[in-house]
Structures are given as structure tokens and as C-alpha cells.
Amino acid sequence: MAKLFGQFRFLAGALALGLLVAMAMPAGAQRNPDGSVNPTAQSVKEQQLLNALGTGGAISGRVSIPDQKAANLIHPAGRDWRYFHEITLRWIGVIAIVGMLVILVAFYLIRGQVKLESGFSGRRIVRFNGFERFVHWVTASCFIILALSGLNITFGKLLLPPLIGEQAFATWAQYAKYSHNYLSFPFTIGVFCIFLMWIAGNIPNKVDIEWLKEGGGMVGDKHPPAYRFNGGQKMIYWIVVIGGTLVAVSGYFLMFPFYATDITGMQLAQIVHGTVAVLFVAVMIAHAYIGTIGMEGAFEAMWDGTVDINWAKEHHSAWLEEETASGHANAPPRSRMAAAK
Ligand code: HEM
């Protein structure tokens, strides 16, 4: 009897050992039914584990400090976000910004500057008053610094340390971060002022459709009529208003982390902020091109606030008619030399 019992114990022990070995063989779980290796088998198991735990997509422990977020051990969505931040966003940025620069250089080489065909008349008309120019330049200056300091977060640590060294990069990145935070406030106020002061001239109308069909006079030699702002300028206006609002709202979520949202909201805010920002930079490069070397006679509009009457005739004929009818187009004649002085 004792011998039988001993044999039974041996059999049960062997069975238990076999079961244990079978369960502890991760390699088996890594294989497909045909025996080939399944490299994602582990992540599938991770997802099953997360579902089974029902912990909202994370594996958490327990902590005694007030910040319960510190209890998260594994949060797979964080890996997706990191991939976006380290890889996807950089590609979107490079394609948008470098792509835009390439297009503009090609456009300049092929089309050249849009010249003032009828030449300068010497008579000028006021286009933007002092307050409009002040708001434009404050917002634009903030934008440039926000763009450089923001792109430093996306590309800086990849490009700069090999060039300037880690210590110098750390110092620069710290000042860049301060300027990004503080200049966000005047930038937000600037975008809001732009929205209010130019909305009246930026409601789309039929003339814009014709203007766009004619390629805005940029392609070909025609000069399609336009009111104070043409179809292209209206697009820029709405990109600034909508893009500016998106970067501002998402930016404040990032600046005050976890005050108004959880980790998923933070990741979303960063994705919106980074993506809109790099596209915004690409569009603003095109805007700056047209306002400077792209079009003869355009820059003065935002510099001293006036444009030549012939420039207004060629690019904003409907606006010039309105201004003439209301008596605003009769500013005293002024030579370009006098303006330059
Ligand atoms: C109200 C306006 C804005 C606010 C409040 C704001 C705030 C922020 C904050 C808090 C960050 C995260 C910084 C960090 O991780 O330490 C950030 C990142 C960034 N910002 Fe802004 N920002 C604003 C406007 C802009 C503008 C106008 C641009 C560009 C034109 C811009 C471009 C960027 C970029 C590229 C990043 C880095 C994205 C990344 O790689 O993660 N921001 N911003």
C-alpha cells in the first residue's frame, strides 16, 4: 500500500513539474501555430493583461505620495506618444518647412518677383494705420521667437549638441523655454487683436473665387480685382486666427500640466500643438516671402503703412475704388526717395 502511495506521489509530482515547465515556456507563446516566431506575441499578451486588469490602459502599483500618477508602471499609450514626438512630428516638420522653402526658391527662380507693371506713381495711399502695424509686428516678432524656441524642443537636442556642445545647448534651451512660455501671452493677445481688427475685411465673397481662379495674379499677367484683402490674404488671416487659437489653447494645456486634463489629454494637446505649429511655420514662411522679396511694393504697406496708388490699382482695385469714393485716396503725392528718407 505504502509502495502504491509512493508511486502515486511520484506520478503526481512529475505531472505537476511538467505542467509548471509548460507554463513557464515563454518561447512557445512567441511562436505562431506553424512554428515561426511571432515578434508581437508579447505585446498581444500585454494588451490582454491590460484588458483583464481593467485599469484604463495602464499597469499601476500603489504609492503613498499624493501624486497617484507616479503609481503607473507601464502605460503603453506613452510609447505611441513618444514615437509621435521623436519620429512622426519631426517628419511632418521637415516635410512642411523644408518643402515650403524648396517650393518658394523654385517659384522665385521660375516666376521671379511679381513686379509693379505700371511702375511707381509717387502717389501713395494709407493701407494700415499705426495700431494695425504695431499689432502685426508684435505678433510677428513673438511668432518668430515662439517658432525658434518651439522648434528647439522638436529638433534642438538632435541637431545642436554636436555643433555647440551639451552645456551651451542646455543654457540656450533653458532661455528658449522661458521665452516660449512668456511670449505666449503677447502672442495670444496679438492673435485676438488681429481677429477683431481685420475680421470685417476677411469674410469670403464672390470676388475671392474669381481671384483664386486667376491664380491671384501670381501665375500669369492678369490682375484680378480684390477688396482690401484678396483671397490669399483671407486664407492667411483664417490660418492665423484658427491656427493661433489652436496653438494657444493646446499650449496653455502644456504649460499648466494636468490642471485641466489627464495624461491622454496632455498627449493630445502636445500632438495638436506640435503639428499645428510646424504647419503654421511653413505657411508663415510663404506669407513673409510674398510680403518681402516676392512682390514689389508690398513691404511698405506694413512698414510705413502706405502703398503706391499703382500698386493698389494692380493688386486691390476694388479697395482703391472704395477708398477713392470715400475720399481716402487723396493723400499728398510723395516720391519714393522721400519715403526712403
Ligand atoms: C499661446 C501660445 C503658445 C503657448 C502657450 C505655447 C506653449 C508651449 C509649451 C508649454 C510647450 C511645451 C514645452 C515643453 O515641452 O517644455 C510648447 C512646445 C512647442 N511649441 Fe508652443 N506655445 C505657443 C505658441 C507656439 C507657436 C506660435 C509656435 C510655432 C509657431 C509654437 C511651437 C511649438 C513647438 C514646435 C513645440 C515643441 C513641440 C514638441 O516637439 O513637442 N508654439 N509650446
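Remember, it's 1-based here, ligands and their atoms both numbered in the order they're listed. Model, not experiment: these values are computed from the prediction.
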*Asks:* How close does the nearest protein non-hydrogen atom get to atom 15 (O) of ligand 1, and which residue and atom is it?
*Replies:*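 For this ligand atom, the closest protein heavy atom is Ile153 CD1, 4.2 Å.
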*Asks:* Answer with side chain, backbone, both or neither: which part of Met284 has a heavy atom less than 4.0 angstrom from an atom of ligand 1?
*Replies:*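 The answer is neither.
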*Asks:* To which protein heavy atom is atom 32 (C) of ligand 1 closest, and what is the distance rounded to 0.1 Å?
*Replies:*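 It is Ala277 CB, 3.4 Å.
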*Asks:* Report, in ascending order of atom number, the atoms of ligand 1 lying under 4.0 Å from any heavy atom of Leu151.
*Replies:*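 Counting from 1, the qualifying ligand atoms are 35 (C).
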*Asks:* Any side-chain donor-acceptor pair under 3.5 Å between Asn230 and Lys234?
*Replies:*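 No - no donor-acceptor pair under 3.5 Å links their side chains.
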*Asks:* For atom 18 (C) of ligand 1, grab the closest protein heavy atom and report residue, atom and distance to one decimal in Å.
*Replies:*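 Heavy-atom neighbour on the protein nearest atom 18 (C) of ligand 1: His273 CD2, 3.5 Å.
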*Asks:* Could you tell me, atom by atom, which parts of ligand 1 come under 4.0 Å of a heavy atom of Tyr252?
*Replies:*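 Once the distances to Tyr252 are compared, the set is 1 (C), 5 (C).
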*Asks:* Below 3.5 Å, N or O to N or O, backbone or side chain included: is there any such pair between Ser184 and ligand 1?
*Replies:*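 No: no nitrogen or oxygen of Ser184 is under 3.5 Å from one in ligand 1.
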*Asks:* Same hydrophobic cluster for Ile242 and Val247, using side-chain heavy-atom links shorter than 4.5 Å among ILVMFWY?
*Replies:*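 Linked, Ile242 and Val247 end up in one cluster.
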*Asks:* Show me which atoms of ligand 1 lie under 4.0 Å from any heavy atom of Gly251.
*Replies:*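 Ligand 1 atoms under the 4.0 Å threshold to Gly251: 4 (C), 5 (C), 6 (C), 7 (C), 10 (C).
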*Asks:* Against Met295, only a single residue in Glu314, Gln113, His315, Lys115 fulfils side chain to side chain contact (heavy atoms under 4.5 Å, CB included); can you say which?
*Replies:*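 Answer to the side chain to side chain contact (heavy atoms under 4.5 Å, CB included) test with Met295 among Glu314, Gln113, His315, Lys115: His315.
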*Asks:* Are Phe280 and Phe143 close enough that their ring centers fall under 6.0 Å?
*Replies:*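 So the answer is yes for these two rings.
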*Asks:* Hey, is Phe143 one of the residues with a heavy atom under 4.0 angstrom from ligand 1?
*Replies:*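 Flag set, Phe143 near ligand 1.
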*Asks:* Distance under 6.0 Å and angle within 45° of the ring axis: does Lys69 meet both against Phe258?
*Replies:*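 Yes, a cation-pi geometry holds between Lys69 and Phe258.
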*Asks:* When you look for heavy atoms under 4.0 Å from ligand 1, do you find them on the side chain of Val278, its backbone, both, or neither?
*Replies:*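 The answer is neither; Val278 stays 4.0 Å or more away.
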*Asks:* For Val281, which part has a heavy atom under 4.0 Å from ligand 1: side chain, backbone, both, or neither?
*Replies:*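 Val281 to ligand 1: side-chain contact only, backbone stays beyond 4.0 Å.
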*Asks:* Does one side chain, of Glu132 or Trp198, offer a donor that lies under 3.5 Å from an acceptor on the other?
*Replies:*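 The criterion, which ignores hydrogens and geometry beyond distance, is satisfied for Trp198 and Glu132.
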*Asks:* Counting non-hydrogen protein atoms only, what is the nearest one to atom 31 (C) of ligand 1? Give residue, atom name and distance.
*Replies:*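 That would be His180 CE1, 3.5 Å.
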*Asks:* For ligand 1 and Thr188, I'd like to know whether there is a polar contact (N/O to N/O, distance under 3.5 Å).
*Replies:*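 Among all N and O atoms of Thr188, none is under 3.5 Å from an N or O of ligand 1.
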*Asks:* Counting each atom of ligand 1 from 1 as listed, which ones have a heavy atom of Met255 under 4.0 Å away?
*Replies:*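 Answer, ordered by atom number: 5 (C), 10 (C).
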*Asks:* Any idea which protein heavy atom is nearest atom 13 (C) of ligand 1, and the distance to it?
*Replies:*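 Of every protein heavy atom, Lys177 NZ, 3.2 Å lies nearest to atom 13 (C) of ligand 1.
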*Asks:* Could you check which of Thr154, Val191, Val240 puts a non-hydrogen atom nearest to atom 40 (O) of ligand 1?
*Replies:*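 Looking at heavy atoms only, Thr154 sits closest to atom 40 (O) of ligand 1.
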*Asks:* For the residue pair Asn202 and Trp238, confirm or rule out a side-chain donor-acceptor distance under 3.5 Å.
*Replies:*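 Absent: no donor and acceptor within the cut-off.
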*Asks:* What is the nearest protein non-hydrogen atom to atom 26 (C) of ligand 1, stated with its residue, atom name and distance?
*Replies:*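 Looking at atom 26 (C) of ligand 1, the protein heavy atom closest to it is Leu146 CB, 3.8 Å.
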*Asks:* Quick one: does Gln270 get an N or O within less than 3.5 Å of an N or O on ligand 1?
*Replies:*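 N/O-N/O distance under 3.5 Å: yes.
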*Asks:* Suppose I only count heavy atoms of Leu89 and a 4.0 Å limit; which atoms of ligand 1 are within that range?
*Replies:*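 Going through ligand 1 atom by atom, the ones under 4.0 Å from Leu89 are 39 (C), 40 (O).
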*Asks:* By number and element, which atoms of ligand 1 are closer than 4.0 Å to a non-hydrogen atom of Ala248?
*Replies:*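 Those qualifying, in numeric order: 1 (C), 2 (C).
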*Asks:* So, does Thr275 use its side chain to make a donor-acceptor pair with the main chain of Val272 at under 3.5 Å?
*Replies:*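 Absent.
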*Asks:* Would you say the side-chain atoms of Gln270 and Ser250 include a donor-acceptor pair closer than 3.5 Å?
*Replies:*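 Distance-only check fails for Gln270 and Ser250.
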*Asks:* Do we see a donor-acceptor contact under 3.5 Å between the side chains of Tyr252 and Thr188?
*Replies:*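 Yes.
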*Asks:* Looking at His85, which atoms of ligand 1 are within less than 4.0 Å of one of its heavy atoms?
*Replies:*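 Those of ligand 1 that fall under 4.0 Å from His85 are 39 (C), 40 (O), 41 (O).
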*Asks:* Hydrophobic clustering (ILVMFWY, side-chain heavy atoms < 4.5 Å, transitive) - are Val94 and Tyr83 grouped together?
*Replies:*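 Cluster IDs for Tyr83 and Val94 differ.
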*Asks:* Can the ring centres of Phe128 and Phe134 be said to be less than 6.0 Å apart?
*Replies:*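 Not close enough - the centres of the two rings lie 6.0 Å or further apart.
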*Asks:* Between Phe187 and ligand 1, find which residue part has any heavy-atom pair under 4.0 Å and reply side chain, backbone, both or neither.
*Replies:*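 The answer is the side chain.
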*Asks:* With hydrophobic residues grouped by side-chain heavy-atom distances under 4.5 Å, do Phe192 and Ile194 end up in a single group?
*Replies:*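 Both belong to a single hydrophobic cluster.
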*Asks:* Nearest protein heavy atom to atom 11 (C) of ligand 1, by residue and atom, and its distance?
*Replies:*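 Minimum-distance protein heavy atom for atom 11 (C) of ligand 1 reads Leu254 CD1, 3.8 Å.
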*Asks:* Does NZ or CZ of Arg127 fall inside the cone over Trp319's six-membered ring, less than 6.0 Å from its centre and within 45° of the axis?
*Replies:*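 Yes, Arg127 and Trp319 form such a contact.
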